[in-house]
Amino acid sequence: MRRKLAAGNWKMNGLKGQLAELDKLAAAHPSPEVDVLLCPPATLLAAAALQSPFSIGAQDCHANDAGAHTGDISAQMIKDAGGKAVIVGHSERREDHDEHSDIVRAKARAAQAAGLTAIVCMGESLLEREAQNTLDIIGGQLAGSIPDNATAENLVVAYEPIWAIGTGLVPSLAQIGEVHAFIRARLERRFGAGVGLGVRILYGGSVKPDNARDIFAVPNVDGALVGGASLKAADFSPIISALEAS
Ligand code: PGA
């Protein structure tokens, strides 16, 4: 059985005061029946890992362990700061920083080598969806972004349609189900049933308290990667509860 995962991505939001939301969340969920992971900005990572009973992760890492890469942080540094996971290949990184799947794969490999879980994101644009290219795009991103040494512990896949991120638009449940089933089948084909059935597949893109329950009922949706609604405990808490009830 795959353990469900509610992951929050704070993106470039949060000063020190934001850490109070972690306390509120912990008070609301003293012993959650699902895994809970929060990915604050790098500036809050170490403090969050000290303070929070939940797992803490980062939003990106460099593919190298160390070196002359001003402004970057490595997977080893994330691990050293108390992180357990790192998001790689988020569409905002792919777009803002021109990160292609080969870079994403190298980052995921670095994360896994450091003992972190790599949360590898992928998703189609609206143009690609309208041209009915979604599964081709996802297939390409899966093949290109995921390292060969994936295990059920060191890999999580996040399906995040670009047009659904931060927009309030959500694919139909049938569309989500189609992509998640496709990802599951590709993982099984590449890694065999053991790993393929064990890797968790998250849905991300405008997950909110009022749509979480329906999304979590879709087969092969093992949780969510939540942006805006993870910033406030009052919003993220009902999403965690919906996942626990699913
Ligand atoms: P959103 O972001 O929940 O604000 O749409 C999701 C994400 O980008 O991970």
Side-chain angles (χ1 to χ4, degrees), residues 2-60 78 81-87 90-93 117 119 121 123 156-173 176 180 200-218 221-246:
R2 296 183 293 273
R3 194 168 156 84
K4 308 268 167 93
L5 171 61
N9 172 12
W10 284 1
K11 308 191 180 184
M12 197 172 72
N13 297 293
L15 307 178
K16 277 182 279 188
Q18 172 73 16
L19 294 174
E21 296 300 317
L22 295 178
D23 296 337
K24 289 187 211 166
L25 209 55
H29 301 274
S31 48
E33 290 163 29
V34 298
D35 288 344
V36 179
L37 170 77
L38 271 304
C39 299
T43 46
L44 295 179
L45 180 64
L50 270 181
Q51 174 177 332
S52 172
F54 305 127
S55 295
I56 298 298
Q59 301 171 14
D60 181 49
I78 294 163
K84 299 275 194 283
V86 57
I87 298 167
H90 191 282
S91 61
E92 288 153 15
R93 300 283 322 173
T117 298
I119 302 178
C121 302
V156 170
V157 175
Y159 168 54
E160 299 205 305
I162 297 170
W163 52 275
I165 294 175
T167 59
L169 300 172
V170 180
S172 70
L173 300 179
I176 295 174
H180 279 241
R200 291 172 292 182
I201 308 173
L202 308 183
Y203 169 78
S206 295
V207 175
K208 306 288 178 203
D210 62 359
N211 62 18
R213 190 171 297 267
D214 288 344
I215 292 171
F216 294 151
V218 175
V221 172
D222 302 309
L225 181 54
V226 182
S230 71
L231 288 168
K232 287 209 165 69
D235 294 328
F236 200 38
S237 173
I239 294 173
I240 294 170
S241 298
L243 190 59
E244 288 177 321
S246 69

> Can you list the steps and then say if Q18 with L231 is a side chain to side chain contact (heavy atoms under 4.5 Å, CB included)?
Replying inline: CA-CA 8 Å; Q18 172 73 16; L231 288 168; 3.9 Å; yes
> If only atom types and distance count, is the side chain of Q59 paired as donor or acceptor with the main-chain N or O of P40 below 3.5 Å?
Replying inline: yes
>> Please give me the minimum heavy-atom distance between G223 and L243, naming the atom from each residue.
In response: CA-CD1, 3.8 Å
> What residue pairs, at least two apart or across chains, pass side chain to side chain donor-acceptor pair (under 3.5 Å) with a residue in residues 228-237?
Replying inline: H29-S237
>> What I'd like to find out is whether the side chain of S206 reaches to under 4.5 Å of the side chain of L169, using heavy atoms alone.
In response: no
> What closest approach, in Å, do P161 and Y203 show between heavy atoms, and which atom pair accounts for it?
Replying inline: CD-CE1, 3.6 Å
>> Main chain of L37, side chain of S55: is a donor-acceptor contact present, judged purely on distance under 3.5 Å?
In response: no
> If you round to the nearest 0.5 Å, how far is OG1 of T117 from CD1 of I87?
Replying inline: 12.0 Å
> Taking all atoms of both residues into account, what is the closest heavy-atom pair of I162 and G123, and its distance?
Replying inline: CD1-O, 3.8 Å
>> Quick check: do I215 and L173 have side-chain heavy atoms less than 4.5 Å from each other?
In response: yes
> So which heavy atom on S52 is nearest to which on L22, and how close?
Replying inline: CB-CD1, 4.0 Å
Contacts table for residues 2-9: side-chain donor-acceptor under 3.5 angstrom, sequence neighbours left out:
{"from": "R2", "atom 1": "NE", "to": "D222", "atom 2": "OD1", "distance (Å)": "2.9"}
{"from": "R2", "atom 1": "NE", "to": "D222", "atom 2": "OD2", "distance (Å)": "3.1"}
{"from": "R2", "atom 1": "NH1", "to": "L197", "atom 2": "O", "distance (Å)": "2.6"}
{"from": "R2", "atom 1": "NH2", "to": "D222", "atom 2": "OD1", "distance (Å)": "3.4"}
{"from": "R3", "atom 1": "NE", "to": "D35", "atom 2": "OD1", "distance (Å)": "2.5"}
{"from": "R3", "atom 1": "NH1", "to": "E33", "atom 2": "O", "distance (Å)": "3.4"}
{"from": "K4", "atom 1": "NZ", "to": "S246", "atom 2": "OG", "distance (Å)": "3.1"}
{"from": "N9", "atom 1": "OD1", "to": "K11", "atom 2": "N", "distance (Å)": "3.0"}

> Got a sec: does the CZ of R93 have more than 12 other heavy atoms crowding it under 6.0 Å?
Replying inline: yes
> Where do G82 and A49 come nearest, in terms of heavy atoms and distance?
Replying inline: O-CB, 3.7 Å
>> Using side-chain heavy atoms (C-beta onward) and a distance below 4.5 Å, is I165 in contact with H90?
In response: yes
>> Looking at every heavy atom in both K24 and A233, which two are closest together, and how far apart are they?
In response: CB-CB, 3.6 Å
> Distance from F54 atom CZ to L25 atom CG, nearest 0.5 Å?
Replying inline: 4.5 Å
> In Å and rounded to the nearest 0.5 Å, what is the CG to CG distance from N13 to L44?
Replying inline: 10.5 Å
>> Please check if the number of heavy atoms outside K208 that lie under 6.0 Å from its NZ is greater than 12.
In response: yes
>> Using 30° and 60° as the class boundaries, would you call the ring planes of H180 and Y159 parallel, tilted or perpendicular?
In response: perpendicular
>> Under a 3.5 Å distance rule, please check whether Q51 uses its side chain to pair with a backbone N or O of D23 as donor and acceptor.
In response: no
